[in-house]
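Read the structure below first, then the notes.
Note that ligands are numbered from 1 as they come in the structure, with each ligand's atoms numbered from 1 the same way.
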Amino acid sequence: MLPSPAPAHKPKAPAKKLSGPAQALHKLGLRRDIDLALHLPMRYVDETRLQPIASLRDGDTAQVQGQVLESRVETRSRPQWILRLADASGELVLRLFNFYPSQPKSVHSGQWLRARGEVRNGFFGREMVHPDWRAVTPDTPLPTTLTPVYPSTAQLPQAYLRKAVASGLARAHLTELLPAHCIPPGFPSLRDAVFFLHQPPAQTPIQTLEDHSHPAWQRLKFEELLAQQLSQSQAHAARALLRAPALRSQPQGLAQKLLAALPFALTTAQHRVAAEIRQDLERAQPMHRLLQGDVGSGKTVVAALAAATSIDAGWQCALMAPTEILAEQHFGKLVQWLQPLGITTAWLSGSRKGKGRKHMLQQLASGEAMLAIGTHAVIQQDVHFARLGLAIVDEQHRFGVAQRLALRAKLSNEPAEPGVDTARAARVARAGKAAKVGEADGPATQATVRVETSNPSNTIDTLSLEPHLLMMSATPIPRTLAMSYYADLELSTLDELPPGRTPILTRLFADSKRPQVIERIRQELKEGRQTYWVCPLVEESEHLDLQNATATHQALSESLSGCEVGLLHGRMTAADKAATMARFTAGELHLLVATTVIEVGVDVPNASLMVIEHAERFGLAQLHQLRGRVGRGQVASVCVLLYSAPLSPTAKARLKAMAETTDGFEIARRDLHIRGPGEFMGARQSGDALLRFADLATDEPLLKEARALAPRLLQEDPQAAQALVDRWLAGGVDYLKA
Ligand code: ADP
Ligand code: MG
């Protein structure tokens, strides 16, 4: 999210041949004046004071000024330039390794030098090894402001960058966009804040600058957060103008029938969120709702109920899952639930090609199949729905930003193609046909009629209707993210697990305890239960991954003779994966060695032990997801995290969190703390920071203020609001839509 230029500051076309440092500037994205002005120091050095040499202690970083007593170059293994410097209080040696041959010739005895560096009290007295230094006269003034140190690269010397920033700063448009009464008390104007941060007065406590708590920092963060809130409000307003089919659920309709046929009763939480979704679906505006519920909280059945409602009203539903295994499971479950009710489901995945796929596509285009389930193959270009009323995205955070954007594009009206009229005619015709689905004859027809006639002067074209969108996630959004990035999203929360679950016990074991763990597996198997063994991802190497999993499979098969051990990894064909999964589900396999392909959604209630090897290599959300594969049945489950020491501090924090809590919300909160929000949003592919200045882990109070102000500002001064959004949010990846 880079601030956008004021119109007069369009990025300059790069000159034909940029110098090295100029190229480096460009690479850092420092192209416009505003970019430079907002490139803030990461730290500061204090060059505003001189210290008497005699007062320097070992380890001090200090600035001194004195006259050269002696200058000589020693050539041992490596040339050294040695300068003896004295002020009124004492003497100091400067030892320089990087210098041009001409430099020693330019410094004579008696010359005044100013030097800054770390002091060592060596054998030969005080010295500074490669200090910063420059020639001065006794009356060369000291700077009155702290010297900024900017984030930079090897190709970009600080001195060059400082000059570039200073001139960018002088030219940048830092107009105050906020009306005075909207600036929180104690905060400087934007211009003052930015100037202050580049050139803080000597007495400013450096700590408050470096930890970003200084009011100047707060001001910038506040404005950034405010812009984000404003943009969310705008998105919300824009969405309110969109139209969607009103999917009215029928008494005794499909959803009711599904409920009656389920082998269990819904939990109170499931009832509540199902009702929230139902109400959204009934409205003629597209739903934009996230259903969050911890692993195992029973989101699938809620999704199935929503699908049933949509289908009942004569509109198709698409369900998309991030992995083939998960999609397959959904397919299995939903077909089992919905087929008896007369619903035809199409299966779309990357691996289904050729004739089979063509047939599915036809079924979807004709409306014969009312439900499509699959991976992101569901949003491929050639997939056309007769009348898509509801899209459900499971484990939505697992889809990358690009895929989420593609989905949004798919959901909003696709560009009209040459055959629009025929397409529309076909849709209308199919509306009648769709009415034949199941026994929902009457309701579907009603729904269709309502859509076609509710606006007689301008028959609503089904083409102009957007489908409802339901996203699901087992990774709860931390509160601050919900208030910022997801502010435009309705939230439903499943805060209750189905009854009869026993909490999962999580144990940490050093890798050396592996034999005991294997013994534990043996016991589990004896009692007729099943185990997962998860092998870690080897960074950057799918091949090693595979080797590792294969070797583990072999070793475990040998040490657990008489037990059926299966292997599941990403390189297997979808059919092989499905077959293995089916055998495990059926209980034919006792132990399943797998890579993270089983991470999401897999549901085998009889599995009660989960072993995760090299748990230190996994992310917290991932560990939580993996652990969620057990604890799905009546028996008490155990999750064993095997780790190999030494652990990095963040790995330690992750494992500790896992051992301490099974609460998905708490895990998410800690995860945000450990990783920061960028990764959380699935943005790591793009490398873009989500917020440039604000930090959601620490800036909740500012976020709250921005949230309170945004609606007021929109109302009182829409122009200022727009200008703020333009300044901060134009360009870059549009995460807000993803
Ligand atoms: P998740 O929220 O992780 O997607 P699932 O939808 O896979 O969870 O549900 C986990 C398991 O709990 C499934 O076997 C599902 O059939 C079962 N389940 C869901 N709701 C209930 C309920 N109300 N009572 C009993 N079991 C349920
Ligand atoms: Mg699920």
Side-chain angles (χ1 to χ4, degrees), residues 255 258-277 289-308 319-338 373-375 392-399 470-477 491-504 529-530 532 581-582 584-587 596-608 610 621-635 637 639 662-665 667-668:
L258 171 57
L259 267 182
L262 285 176
F264 49 77
L266 294 192
T267 62
T268 315
Q270 282 170 321
H271 271 301
R272 191 190 62 240
V273 303
E276 286 165 359
I277 293 167
R289 185 173 284 276
L290 177 71
L291 168 56
Q292 54 178 2
D294 212 344
V295 283
S297 60
K299 294 183 289 294
T300 318
V301 69
V302 175
L305 286 169
L319 171 59
M320 187 165 103
T323 70
E324 198 135 321
I325 289 189
L326 183 53
E328 193 127 9
Q329 285 217 343
H330 284 332
F331 183 73
K333 203 153 239 176
L334 268 71
V335 165
Q336 179 199 327
W337 285 337
L338 296 174
I373 297 181
T375 55
I392 304 176
V393 184
D394 195 14
E395 307 293 348
Q396 66 97 25
H397 64 289
R398 299 294 318 243
F399 289 96
L470 174 64
M471 292 167 268
M472 307 200 288
S473 175
T475 306
I477 300 176
L491 271 184
S492 286
T493 306
L494 281 176
D495 49 8
E496 179 188 359
L497 292 180
R501 305 258 170 97
T502 11
I504 307 167
R529 292 197 290 273
Q530 292 162 281
Y532 295 101
M581 222 33 238
F584 189 65
T585 310
T596 47
V597 291
I598 61 149
E599 183 184 342
V600 283
V602 170
D603 184 30
V604 180
N606 190 47
S608 57
M610 159 73 57
Q622 212 175 12
L623 288 172
H624 181 63
Q625 284 277 345
L626 285 168
R627 177 169 61 183
R629 299 310 110 219
V630 292
R632 304 193 145 232
Q634 303 286 334
V635 291
S637 295
C639 174
T662 53
D663 175 353
F665 275 94
I667 297 264

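- The two residues Arg627 and Ile504 have their closest heavy-atom pair at O-CD1, 3.7 Å.
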Apply side-chain contact (heavy atoms from CB on, under 4.5 Å) to the pair Arg529 and Val630, showing each step before the final yes or no. CA-CA 11 Å; Arg529 292 197 290 273; Val630 292; over 6 Å; no
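- Near Thr267, meaning under 4.0 Å from any of its heavy atoms, are these atoms of ligand 1: 23 (N).
- Numbered from 1 in the order shown, with element, the atoms of ligand 1 that lie under 4.0 Å from a heavy atom of Val295 read 3 (O).
- The shell of residues lying under 4.0 angstrom from ligand 1, judged by heavy atoms, excludes Met472.
- Judged purely by atom type and a 3.5 angstrom limit, Glu276 has no side-chain atom pairing as donor or acceptor with the backbone of Ser492.
- For the pair Gln270 (side chain) and Gly298 (backbone), a donor-acceptor distance under 3.5 Å is present.
- At least one heavy atom of Ala265 sits under 4.0 Å from some atom of ligand 1.
- Of all heavy-atom pairs spanning Asp394 and Pro322, the tightest one is O-CD, 3.4 Å.
- Not one N or O of Phe264 is nearer than 3.5 Å to an N or O of ligand 1, by distance alone.
- Residue Thr300 has at least one N or O atom closer than 3.5 Å to an N or O atom of ligand 1.
- Between Pro499 and ligand 1, a contact under 3.5 Å exists for no N or O pair.
- Contact of the Ile277 side chain with the Leu305 side chain is not registered, since no non-hydrogen atoms from C-beta on lie closer than 4.5 Å.
- Contact between Gly293 and ligand 1 is absent, with no heavy atom of the residue lying under 4.0 Å from the ligand.
- Of all the atoms in ligand 1, the ones that sit under 4.0 Å from a non-hydrogen atom of Pro498 are 20 (N), 21 (C), 22 (C), 24 (N), 25 (C), 26 (N), 27 (C).
- Those atoms of ligand 1 that come under 4.0 Å of a heavy atom in Leu266, given as number and element, are 23 (N).
- Using the six-membered ring where Trp is involved, Tyr532 and Phe584 have ring planes that are tilted, between 30° and 60° apart.
- The NE2 atom of His330 sits 11.5 Å away from atom CD of Glu328, with the distance rounded to the nearest 0.5 Å.
- For the pair Pro605 and ligand 1, the shortest N or O to N or O distance does not fall below 3.5 Å.
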